[in-house]
Student: 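Quick one: the structure is below, and I'll ask about it shortly.
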Amino acid sequence: MEQPLSPEFFARPTLAVARDLLGCRLVRSLDGIRLVGIITETEAYIGETDLGCHAKAGRTKRTAPMYGPPGRAYVYFTYGMHWMLNAVTEAEAFPAAVLIRAVETVEGLRVVESRREKAPRADWTNGPAKLTAAFGIDSRQNTIDLTQTNSGLWIEPGIAISDTNVTTGPRVGLNSVPEPWKSIPWRFKVSGILFQTSSDT
DNA sequence: AGCACGATTAACT
DNA sequence: GTTAATCGTGCTC
């Protein structure tokens, strides 16, 4: 059992955190059962000048978590039905975060399957709203400390992902965001390797 | 007080 | 490829 990542891990430039979160373990303790997903896709959202970032609106009730300490969760609601999980980065008072866009479930398969009932395994957690549904994440996890295990959701070190297995590209879903923010390659994705799909817990 | 729209998904044609 | 679902948020009046 690993220790969670430290606040110092998150108190770095957001692009470095987004890159380094690939391969880390997202851990959820849910009804006494442990769900673990290897992070395979992230996006960086950096400051009020990033017009793709919610913080472009400044500090509001919604964006306040991004202005808080690094290593906390920023969970927001969108499209009338979906929850998104972010990890807050950089120094406190600088609004930035990394969106967790996809994980590969490696523990708690039965629970994840039941929570993603009609989907095939490949589609369980391959999208930001899919993984929050699968891991039972919603507004109750907003602002919780991802560097502590006591609130049931945290991030641990995981497997090393080499640069040859990382691809970057534009962030997804920013259709009406102006350039250069629309196309800036702040999306990070694991490519090439696939994970063993072993354990059945 | 009203309104347009979104860091998406699933189910269509 | 297109589109409905569904509602909180931030902006305009």
Side-chain angles (χ1 to χ4, degrees), chain A residues 10 13-22 24 26 28 37 39-68 70-90 94-105 112-144 146 153 155 166-191:
Chain A
F10 295 96
T14 306
L15 294 175
V17 177
R19 161 63 178 88
D20 293 346
L21 278 175
L22 296 177
C24 289
L26 179 70
R28 178 83 168 111
I39 297 172
T40 58
E41 188 180 346
T42 60
E43 284 176 359
Y45 290 87
I46 313 177
E48 296 176 348
T49 57
D50 172 6
L51 297 184
C53 179
H54 292 160
K56 68 174 187 262
R59 184 177 189 137
T60 64
K61 181 170 184 181
R62 183 200 206 192
T63 63
M66 277 198 285
Y67 291 78
R72 302 297 180 90
Y74 166 44
V75 180
Y76 69 88
F77 185 67
T78 191
Y79 290 107
M81 63 190 87
H82 298 306
W83 297 98
M84 306 283 167
L85 171 66
N86 299 253
V88 174
T89 58
E90 314 240 8
F94 183 86
V98 172
L99 172 67
I100 311 296
R101 283 193 63 86
V103 304
E104 182 79 17
T105 305
V112 168
E113 178 175 36
S114 69
R115 297 185 68 94
R116 297 280 302 127
E117 226 175 314
K118 293 163 189 156
R121 177 167 182 172
D123 295 338
W124 282 353
T125 53
N126 63 338
K130 298 180 191 178
L131 75 89
T132 55
F135 278 50
I137 295 165
D138 60 26
S139 63
R140 289 168 292 186
Q141 278 66 239
N142 195 21
T143 74
I144 67 158
L146 297 170
L153 180 67
I155 303 176
V166 176
T167 55
T168 61
R171 295 172 293 181
V172 175
L174 306 191
N175 302 307
S176 59
V177 171
E179 299 291 359
W181 311 112
K182 182 175 177 175
S183 300
I184 198 165
W186 286 356
R187 179 189 190 200
F188 298 83
K189 192 170 159 61
V190 177
S191 61

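Hydrogens, waters and symmetry mates play no part in the numbers below; they use all other heavy atoms, side chains included. To find a chain, count down the sequence lines: A is the first, B the second, and so on, and within it residues start at 1.
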Student: Does the dA5(C) base have a donor-acceptor partner in the side chain of Y79(A) within less than 3.5 Å?
Tutor: no

Student: Under a 3.5 Å limit for both distances, which nucleotide forms a Watson-Crick or G-U wobble pair with dT6(C), could you say?
Tutor: none

Student: Side chains of R171(A) and W181(A), heavy atoms from C-beta outward: is any pair under 4.5 Å?
Tutor: yes

Student: For dG6(B), does either OP1 or OP2 sit under 4.0 Å from a side-chain N or O belonging to S176(A)?
Tutor: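 Indeed, a polar side-chain atom of S176(A) lies that close.
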
Student: Between P on dT8(B) and CD on E43(A), what's the gap in Å once rounded to a whole number?
Tutor: 7 Å

Student: Check this for me, if you would: do E41(A) and R187(A) make a salt bridge, where the nitrogen-to-carboxylate-oxygen distance has to be below 4.0 angstrom?
Tutor: yes

Student: Rounding to a whole Å, what distance do you find between I46(A):CD1 and dA7(B):P?
Tutor: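 The distance from CD1 of I46(A) to P of dA7(B) comes to 16 Å, rounded to the nearest Å.
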
Student: Got Y74(A) and N142(A) here, is their nearest side-chain heavy-atom distance under 4.5 Å?
Tutor: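 They are in contact (side-chain heavy atoms under 4.5 Å apart), so the answer is yes.
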
Student: Answer with base, sugar-phosphate or nothing: what part of the nucleic acid does N86(A) contact at a heavy-atom distance below 4.0 Å?
Tutor: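 The answer is base, as N86(A) lies within the cut-off (heavy atoms under 4.0 Å) of a base atom.
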
Student: With a 4.0 Å cut-off on heavy atoms, is K130(A) in touch with a base, just the backbone sugar-phosphate, or nothing at all?
Tutor: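 Here K130(A) touches the backbone only, sparing every base.
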
Student: If the P atom of dT6(C) is compared with that of dG2(B), how far apart are they to the nearest Å?
Tutor: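 22 Å, rounded to whole Å.
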
Student: Any donor and acceptor pair, going by atom type alone, linking the side chain of R72(A) with main-chain N or O of P65(A) inside 3.5 Å?
Tutor: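 No, because the side chain of R72(A) does not come within donor-acceptor range (under 3.5 Å) of the backbone of P65(A).
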
Student: Please state the C1' separation for the pair dG1(C) and dA7(B) - nearest whole angstrom.
Tutor: 23 Å

Student: Quick one: which of L85(A), T105(A), I100(A) gives a side-chain contact (heavy atoms from CB on, under 4.5 Å) with F135(A)?
Tutor: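 Looking at L85(A), T105(A), I100(A), the match for F135(A) under the side-chain contact (heavy atoms from CB on, under 4.5 Å) is T105(A).
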
Student: If I take atom OH in residue Y76(A) and atom P in nucleotide dG6(B), what distance separates them, rounded to the nearest angstrom?
Tutor: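 To the nearest whole Å, that distance equals 12 Å.
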
Student: Starting at atom CH2 of W124(A), determine the distance to atom P of dT8(B), rounded to an integer number of angstrom.
Tutor: 23 Å

Student: Provide, to the nearest angstrom, the distance between the CE atom belonging to M66(A) and the P atom belonging to dT9(C).
Tutor: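 These atoms are roughly 13 Å apart.
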
Student: Are any of H82(A)'s side-chain N or O atoms less than 4.0 Å away from OP1 or OP2 of dG6(B)?
Tutor: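 No, outside the criterion.
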
Student: Check whether any side-chain heavy atom of L15(A) sits under 4.5 Å from a side-chain heavy atom of W186(A), and report yes or no.
Tutor: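 L15(A) reaches W186(A) side chain to side chain.
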
Student: At 4.0 Å (heavy atoms only), tell me whether G127(A) reaches a base, stays on the sugar-phosphate, or touches nothing.
Tutor: sugar-phosphate

Student: Report yes if at least one side-chain N or O of R171(A) is closer than 4.0 Å to OP1 or OP2 of dT8(B); otherwise report no.
Tutor: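 No, R171(A) has no side-chain N/O under 4.0 Å of OP1/OP2 on dT8(B).
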
Student: Nearest whole angstrom, please: distance from the P of dA7(B) to the CG of L85(A).
Tutor: 16 Å

Student: Nearest to the side chain of T63(A), heavy atoms from C-beta on, is which of dA7(B), dT8(B), dG10(C)?
Tutor: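 Shortest atom-to-atom distance from the side chain points to dG10(C).
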
Student: So, is T78(A) near the phosphate of dA7(B), with a side-chain N or O under 4.0 Å from OP1 or OP2?
Tutor: no

Student: R116(A) CZ to dT9(B) P: how many Å, rounded?
Tutor: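 Value for this atom pair: 8 Å.
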
Student: Mind checking if M81(A) touches a base, just sugar-phosphate, or nothing, with heavy atoms under 4.0 Å?
Tutor: base

Student: Report the distance from atom CG of N175(A) to atom C1' of dT3(C), rounded to the nearest whole Å.
Tutor: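 That distance rounds to 14 Å.
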
Student: Both distances under 3.5 Å, Watson-Crick or G-U wobble: report the partner of dA7(B), or none.
Tutor: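 Base-paired to nothing in any strand shown.
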
Student: Using a cut-off of 4.0 Å on non-hydrogen atoms, how would the nucleic acid contact of R187(A) be classed: base, sugar-phosphate, or nothing?
Tutor: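 Nothing, no nucleic acid heavy atom in range.
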
Student: How is F77(A) classified with respect to the nucleic acid when contacts are heavy atoms under 4.0 Å: base, sugar-phosphate, or nothing?
Tutor: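 The residue F77(A) makes sugar-phosphate contact but no base contact.
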
Student: State which of dA7(B), dG10(C), dT8(B) makes the closest approach to the side chain of A129(A).
Tutor: dT8(B)

